[in-house]
Amino acid sequence: MKNLFDIEGNVTVITGGTGVLGRAIAKYLALNGAKVIILGRKENVGAEIVADTEAAIAAEKASGSIEFLKTDVMSRETLESNVDYIVGKYGRVDTLLNAAGGNMPGATIAPDKTFFDLDPAQFQRVLDLNLTGTVIPTQVFLKPMVAQGKGAIINFSSMAAFRPMTRVCGYAAAKAGISNFTAFMATECAKKFGEGIRVNAIAPGFFITEQNRALLTNPDGSYTERGRDVIRQTPFGRMGEAEELCGTIHYLMSDAARFVTGTVAVVDGGFNAFAM
């Protein structure tokens with residue numbers, strides 16, 4: 001019987017692939033046979049990730065591959081250049097991981113501030129980066145999926161989409177939009193392009209990244225007050241490890257999930273389930 005989890009040769013595009021989470025996911029998928037293309041803005045970081053992953057591929061004699069392309073998720077022209085190159089080289093796009101995102105100080109409300117201190121311009125930029133920065137790549141990379149009649153899109157939601165947490169006003173609004181957009185696109189694609197194209201999302205719990213490290217940890221590595229709040233809310237009693245996202249993503253992009261669309265898969269150590 002066919003291995004439903006086989007992703008050998010799967011042409012996988014990851015936007016925001018140079019972040020802590022994107023890096024771990026890209027390496028895992030390449031080591032499991034996927035042809036991974038990471039898209040990002042930081043060429044030096046992209047080159048480092050490619051070198052590290054290629055060394056791992058060689059060491060494990062894996063069949064996957066990895067490369068980096070510079071992009072801008074807000075530029076349709078740049079993304080269309082990316083997809084033209086990828087389809088020209090690989091002939092198809094099987095999976096799109098929309099991992100690009102982030103936050104800005106002006107779109108947050110610190111404990112000593114109020115809603116009146118929110119910067120609408122930065123709020124809009126956070127919405128653009130996280131939500132519009134998912135919509136535009138989806139439009140671009142969905143086209144070859146429609147042409148081939150099959151594909152998987154996996155968006156990145158957040159715990160903030162389920163619970164509008166204190167401080168992260170703009171980010172929470174954007175991620176709630178991602179969850180809604182995921183459900184919308186699942187129906188849109190199934191109704192108009194057929195059941196071969198699936199759209200799902202993952203909602204990571206709390207993982208230490210470069211963006212939130214200073215918010216959750218002190219310079220000595222101990223948790224800040226915010227970090228301690230997260231641990232109290234997480235039944236597992238710890239932060240997640242980046243590699244712990246890989247199994248859920250592997251499942252959602254594989255034929256094992258061929259009847260799964262419109263879902264938001266939670267990977268959070270129980271954070272969203274905990275009540276008191």
Side-chain angles (χ1 to χ4, degrees), residues 3-40 45-46 48-68 93-102 134 137 141 151-159 161 175 178-179 182 198-213 234-236 238-258 260-261 263-272:
N3 175 9
L4 295 176
F5 293 92
D6 182 18
I7 57 170
E8 184 88 17
N10 188 292
V11 180
T12 305
V13 177
I14 308 177
T15 70
T18 56
V20 169
L21 303 184
R23 173 194 299 242
I25 294 163
K27 187 174 186 178
Y28 168 84
L29 295 178
L31 288 174
N32 281 272
K35 308 298 183 184
V36 179
I37 304 95
I38 53 175
L39 305 183
V45 178
E48 188 272 322
I49 294 171
V50 167
D52 174 67
T53 303
E54 287 182 336
I57 290 171
E60 297 194 20
K61 296 182 173 59
S63 61
S65 64
I66 189 168
E67 65 178 300
F68 170 83
V93 175
D94 296 303
T95 303
L96 169 65
L97 272 61
N98 280 310
T134 291
F141 286 97
I153 297 172
I154 304 172
N155 299 323
F156 273 59
S157 185
S158 167
M159 288 298 100
K175 290 303 186 179
I178 290 290
S179 294
T182 297
R198 301 177 295 103
V199 186
N200 293 289
I202 63 166
F206 284 81
F207 296 73
I208 301 297
T209 67
E210 295 308 317
Q211 292 181 351
N212 67 16
R213 188 180 305 277
T234 305
F236 275 15
R238 64 175 176 85
M239 302 289 179
E241 301 289 338
E243 292 75 14
E244 291 172 324
L245 294 172
C246 296
T248 301
I249 289 172
H250 188 151
Y251 162 69
L252 288 174
M253 64 189 280
S254 74
D255 283 346
R258 66 187 179 194
V260 179
T261 196
T263 65
V264 179
V266 172
V267 187
D268 68 343
F271 182 96
N272 197 50

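Note that this is a predicted model, so its numbers are computed, not measured. Residue numbers run from 1 in the order of the sequence given.
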Original post:
What heavy-atom pair brings L252 and A265 nearest, and what distance separates the two atoms?
Top reply: CD1-CB, 4.3 Å

**OP:** Check A30 against T53 and note the closest heavy-atom contact, atom names and distance.
**Re:** CB-CG2, 3.9 Å

Original post:
What class does the angle between the rings of F5 and Y251 fall in, given that below 30° is parallel, 30 to 60° is tilted and above 60° is perpendicular?
Top reply: tilted

**OP:** Measure from the side-chain N and O atoms of S254 to the backbone N and O of A256, and report whether any donor-acceptor pair falls under 3.5 Å.
**Re:** yes

Original post:
Of the non-hydrogen atoms in S157 and V264, which two are nearest, and what is the gap between them?
Top reply: CB-CG1, 4.2 Å

Subject >> Distance-minimising heavy-atom pair for G101 and Q211 >> reply: O-NE2, 3.3 Å

Subject >> Modelled atom types, side-chain donor and acceptor of T134 and N155, under 3.5 Å >> reply: no

Original post:
So, N212 side chain and F207 main chain: donor-acceptor pair closer than 3.5 Å or not?
Top reply: yes

**OP:** Please test L21 against T209 for side chain to side chain contact (heavy atoms under 4.5 Å, CB included), starting from the C-alpha separation and ending with a verdict.
**Re:** CA-CA 7 Å; L21 303 184; T209 67; 4.1 Å; yes

**OP:** With sequence neighbours excluded, tell me which residues meet side chain to side chain contact (heavy atoms under 4.5 Å, CB included) with R258.
**Re:** L4

Original post:
Say you draw a straight line from CD1 of I154 to CE of M253; how long is it, rounded to the nearest 0.5 Å?
Top reply: 6.5 Å

Subject >> Between CG on residue D6 and NE2 on residue H250, distance to nearest 0.5 Å >> reply: 7.5 Å

**OP:** Go through the steps for I249 and F156 under the test side chain to side chain contact (heavy atoms under 4.5 Å, CB included), then give the verdict.
**Re:** CA-CA 10 Å; I249 289 172; F156 273 59; 4.1 Å; yes

Original post:
From I49 CD1 over to I38 CD1, what is the distance, rounded to the nearest 0.5 angstrom?
Top reply: 4.5 Å

**OP:** Give the minimum heavy-atom separation between C246 and I25, together with the two atoms involved.
**Re:** SG-CA, 3.9 Å

Original post:
Taking atom CD1 of I66 and atom OG1 of T12, what is their separation to the nearest 0.5 Å?
Top reply: 10.5 Å

**OP:** Report the distance from atom OG1 of T261 to atom CG of N200, rounding to the nearest 0.5 Å.
**Re:** 5.0 Å

Original post:
Are the side chain of N272 and the backbone of V266 linked by a donor-acceptor contact shorter than 3.5 Å?
Top reply: no

**OP:** Return the minimal non-hydrogen interatomic distance between A201 and T182, and the atom names on each side.
**Re:** CB-OG1, 3.6 Å

Original post:
Could you state the interatomic distance from CG (L96) to CD1 (I153), rounded to the nearest 0.5 Å?
Top reply: 5.5 Å

**OP:** Keeping the roles fixed (side chain from T15, backbone from A99), state whether a donor-acceptor pair exists under 3.5 Å.
**Re:** yes

**OP:** Give a yes or no on whether the backbone of V260 and the side-chain of R198 come within a donor-acceptor separation of less than 3.5 Å.
**Re:** yes

**OP:** Evaluate side chain to side chain contact (heavy atoms under 4.5 Å, CB included) for V13 paired with L97, printing each intermediate quantity in order.
**Re:** CA-CA 6 Å; V13 177; L97 272 61; over 6 Å; no

Subject >> Whether K35 side chain and E67 backbone form a donor-acceptor pair below 3.5 Å >> reply: no

